[in-house]
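Below is one structure, written out as structure tokens; comments come after it.
Since this is a predicted model, take the numbers as computed values, not measurements. One-based numbering, in listed order, for ligands and for the atoms of each. By convention here, the first residue in the shown sequence is residue 1.
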Amino acid sequence: MAVAARRSSQCTSCGACCFTANPEYIQLWSVDRERLSGQLTEVAHEINGRWFLKMTAGHCDSLTVDRARGLYLCSIYEQRPDACRAFAEDSAACELIRAEALLRRR
Ligand code: SF4
Ligand code: SF4
């Protein structure tokens, strides 16, 4: 799968909003499933009749993590679900998640 850049350089060196162990973190709606089409069962799974992005090793399975270079890239950037598109960089939610990620690294 090709790896695309994610939004700003701040996002590519952060990726915090793509980290969680919650298997129901990003729900996919019909528009998301259509956009992912052929990749759907590769990047997502069905839980009790609802579809979610797969999570692996504490982060979205579609996030390519290169800790050595400090890079966190979305491998389905062009097809990412609406929830990811709607998450605004530098919003209150973004700042909270980044603060929590910093605390975990201490
Ligand atoms: S937490 Fe904010 S800065 Fe970090 S990747 Fe997500 S949107 Fe970008
Ligand atoms: S699809 Fe991309 S932007 Fe959305 S959680 Fe996964 S890696 Fe992050």
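- Atom 8 (Fe) of ligand 2 has no N, O or S atom of Cys84 closer than 2.8 Å.
- Using a 4.0 Å cut-off to heavy atoms of Leu63, the atoms of ligand 2 that qualify are 7 (S).
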Step by step, work out the side chain to side chain contact (heavy atoms under 4.5 Å, CB included) result for Leu28 and Leu40.
-> CA-CA 10 Å; Leu28 303 180; Leu40 182 64; 3.9 Å; yes

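- Atoms of ligand 1 found under 4.0 Å from any heavy atom of Cys17 (numbered from 1 in listed order, with element): 1 (S), 5 (S), 6 (Fe), 7 (S).
- Looking at heavy atoms from C-beta onward, Phe19 lies in side-chain contact with Val65 at the 4.5 angstrom threshold.
- Electrostatic pairing of Glu24 and Arg50 counts as a salt bridge here, judged by a charged N lying under 4.0 Å from a carboxylate O.
- Under a 4.0 Å criterion applied to the non-hydrogen atoms of Phe87, ligand 1 contributes the atoms 7 (S).
- Salt-bridge formation is not detected for the pair Asp32/Arg85: no Lys NZ or Arg NE/NH1/NH2 atom is positioned less than 4.0 Å from an Asp or Glu carboxylate oxygen.
- Using a 4.0 Å cut-off to heavy atoms of Ile76, the atoms of ligand 2 that qualify are 1 (S).
- Heavy-atom proximity to Leu53, at under 4.0 Å, picks out these atoms of ligand 2: 1 (S), 6 (Fe).
- Note on Cys18: not counted as a metal contact of atom 6 (Fe) of ligand 2, no N/O/S atom lying under 2.8 Å.
- In this structure, Tyr25 and Phe52 approach most closely via the heavy-atom pair N-CD2, 4.4 Å.
- Annotation: side chain of Thr12 is in contact with side chain of Leu73 (closest heavy-atom distance under 4.5 Å).
- Residue Gln10 approaches ligand 1 through these ligand atoms, each under 4.0 Å from one of its heavy atoms: 3 (S).
- Each of the following atoms of ligand 1 lies closer than 4.0 Å to a heavy atom of Cys11: 3 (S), 5 (S), 7 (S), 8 (Fe).
- In this structure, the side chains of Trp51 and Thr41 come closer than 4.5 Å at one or more pairs of heavy atoms.
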